[in-house]
> 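One structure is given below, represented as structure tokens, and several questions about it will come after.
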Amino acid sequence: MTFSRSRVILAIQVIATSLVLCSTTQAATKQTYVIHTYGGDALLPAVRQQLNNSRDGGTATTYQDKIVLQTTAANYQAVQQLLKQIDRQPQALTVAVRVGNSANTQSNINQGQVIISNRGIQGAAIINQGNSQQQNSSLYQVQTLSGSAASISTNTLYSLTQNYQATTYPYHYPSYHRPSAQIIIQQQVLLPTTRGIAVTPRLLPNGQVEVQLVQAEEKLVRSNSRYNQNSAIQSQRLNSTIIVPRRQWVTIGQVTQNSQNKSSSYSGNRSNVTNTSAPIQLLVQ
């Protein structure tokens with residue numbers, strides 16, 4: 001009777017040990033889990049720290065906006081709870097950039113006249129002054145999600161014709177009475193211009209917005225001189241990262257140019273002074 005009771009106790013101990021081993025093996029089994037997220041790569045440090053602090057550990061990688069886990073079921077549940085707290089749907093933001101252009105031109109014209117007659121020398125002078133103001137601006141606006149890049153631009157391709165004049169003479173004519181002949185060669189020149197912005201806004205916990213901004217403004221400038229008919233591209237660029245409040249225009253830069261032209265002739269003198277100011281403003285809504 002005692003022998004039978006010992007065999008029963010031994011059998012119970014074997015079954016209990018097997019159940020514990022099976023339970024431990026099942027708990028340590030790792031599987032692959034795929035979790036759809038908004039943050040993607042930005043969430044990896046927090047997820048990996050969660051796995052490293054667990055008993056069974058695991059690995060985490062990203063594919064596009066998904067997190068791929070190789071871990072246990074318990075760790076998978078813990079990661080899901082973590083993501084519910086930190087992974088939020090990004091908010092839509094509208095970024096507007098305004099590039100103003102205000103030009104103030106002051107003109108002075110001095111005209112003089114001298115008359116010599118038998119009665120003496122007579123003189124007369126006329127001084128004309130004038131001011132003119134011109135204002136225009138460019139507005140760029142684009143909508144994107146917080147943390148995502150966006151851009152908007154316009155491109156213009158100018159086709160210009162440059163003339164080259166060459167004078168040739170027939171070989172058999174003497175040098176002192178060769179008739180002149182002109183050859184005009186036309187060459188097409190293509191000048192591209194770009195105007196636009198590229199932004200990456202990120203909404204901060206305090207309600208302000210961090211904006212990475214690249215802005216470009218190019219235009220074709222033609223020479224007004226009769227001796228110089230060349231054209232060139234005038235370029236203005238801005239590359240900055242700034243934190244701004246929402247729903248307020250903020251001036252983040254300004255370009256100021258001063259130019260002065262003077263000319264003189266027998267009839268008088270002429271001078272033009274032009275002051276150009278181009279403030280750059282930013283608005284996030």
Side-chain angles (χ1 to χ4, degrees), residues 93-111 127-144 149-160 189-202 204 208-265 268-285:
L93 299 173
T94 300
V95 180
V97 177
R98 182 170 59 194
V99 182
N101 207 344
S102 176
N104 185 7
T105 303
Q106 181 178 0
S107 301
N108 295 320
I109 302 176
N110 300 327
Q111 294 180 346
I127 300 176
N128 296 328
Q129 294 183 347
N131 293 318
S132 63
Q133 292 184 349
Q134 182 179 2
Q135 294 184 350
N136 56 71
S137 62
S138 301
L139 178 64
Y140 308 97
Q141 184 170 305
V142 63
Q143 188 179 63
T144 184
S151 62
I152 183 172
S153 63
T154 60
N155 297 276
T156 304
L157 186 63
Y158 292 94
S159 177
L160 306 178
V189 178
L190 300 180
L191 294 179
T193 61
T194 301
R195 303 169 66 184
I197 60 172
V199 297
T200 303
R202 185 170 63 90
L204 301 178
Q208 294 183 315
V209 184
E210 180 189 76
V211 181
Q212 298 179 8
L213 170 65
V214 177
Q215 176 265 334
E217 189 89 5
E218 297 178 343
K219 62 180 180 180
L220 181 68
V221 178
R222 301 178 186 270
S223 176
N224 295 326
S225 174
R226 61 179 180 178
Y227 302 105
N228 185 6
Q229 300 296 329
N230 293 331
S231 301
I233 298 296
Q234 188 179 72
S235 177
Q236 173 266 313
R237 295 182 180 273
L238 172 68
N239 191 339
S240 177
T241 300
I242 189 172
I243 297 177
V244 296
R246 298 187 64 180
R247 303 178 182 91
Q248 295 182 21
W249 282 104
V250 178
T251 300
I252 60 175
Q254 180 167 312
V255 179
T256 303
Q257 294 180 339
N258 299 321
S259 62
Q260 183 176 4
N261 296 323
K262 293 183 178 180
S263 61
S264 60
S265 62
N269 299 325
R270 182 185 183 94
S271 65
N272 290 328
V273 179
T274 302
N275 299 320
T276 303
S277 177
I280 303 172
Q281 297 177 309
L282 174 67
L283 171 67
V284 181
Q285 294 180 327

> Kindly compute the distance separating CD (Q212) from OG (S240), expressed to the nearest 0.5 Å.
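Reported to 0.5 Å precision, the distance equals 10.0 Å.
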> Is any side-chain heavy atom of L213 closer than 4.5 Å to a side-chain heavy atom of N239?
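Side chain of L213 against side chain of N239, heavy atoms only: no contact under 4.5 Å found.
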> State, with a plain yes or no, whether a side-chain heavy atom of T241 is found less than 4.5 Å away from one of V211.
no
> Locate the shortest heavy-atom distance separating L220 from T193; write the atom from each residue and the value.
N-CG2, 4.4 Å
> For the atom pair CZ (R246) and CD (Q208), what is the distance rounded to the nearest 0.5 Å?
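Reported value, rounded in 0.5 Å steps: 11.5 Å.
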> Considering only heavy atoms from C-beta outward, does the side chain of V142 approach that of V199 to under 4.5 Å?
yes
> Output, in order, the C-alpha distance, side-chain angles, deciding distance and verdict of side-chain contact (heavy atoms from CB on, under 4.5 Å) for V97 and I280.
CA-CA 7 Å; V97 177; I280 303 172; 4.2 Å; yes
> Can you list the steps and then say if S138 with E217 is a side chain to side chain donor-acceptor pair (under 3.5 Å)?
CA-CA 9 Å; S138 301; E217 189 89 5; 3.2 Å; yes
> Closest heavy-atom contact between S137 and G100?
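That would be CB-CA, 3.7 Å.
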> Which residues satisfy the side-chain hydrogen bond (donor to acceptor under 3.5 Å, both in side chains) test with E210, sequence neighbours excluded?
R202
> How long is the gap from CD on Q236 to CD on Q215, to the nearest 0.5 Å?
4.0 Å
> Checking side chain to side chain donor-acceptor pair (under 3.5 Å) for the pair R98/Q281: CA distance, chi angles, key distance, verdict?
CA-CA 5 Å; R98 182 170 59 194; Q281 297 177 309; 2.7 Å; yes
> Considering all heavy atoms of both residues, which atom of S153 and which atom of T194 are nearest to each other, and what is their separation?
CB-CG2, 4.4 Å
> Could you walk me through whether I252 and L238 pass side-chain contact (heavy atoms from CB on, under 4.5 Å), step by step?
CA-CA 10 Å; I252 60 175; L238 172 68; 3.8 Å; yes
> Can you list the residues that meet the side chain to side chain contact (heavy atoms under 4.5 Å, CB included) rule with Q248, with sequence neighbours excluded?
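Once residues adjacent in sequence are excluded, the partners of Q248 under the side chain to side chain contact (heavy atoms under 4.5 Å, CB included) criterion are P245.
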> Take I197 and I152, measure what side-chain contact (heavy atoms from CB on, under 4.5 Å) needs, and give me the verdict at the end.
CA-CA 6 Å; I197 60 172; I152 183 172; 3.7 Å; yes
> For P201 and L93, which heavy atoms make the closest approach, and how far apart are they?
CB-CD1, 3.8 Å
> Quick one: closest heavy-atom pair of R195 and E218, and the distance?
CG-O, 3.5 Å
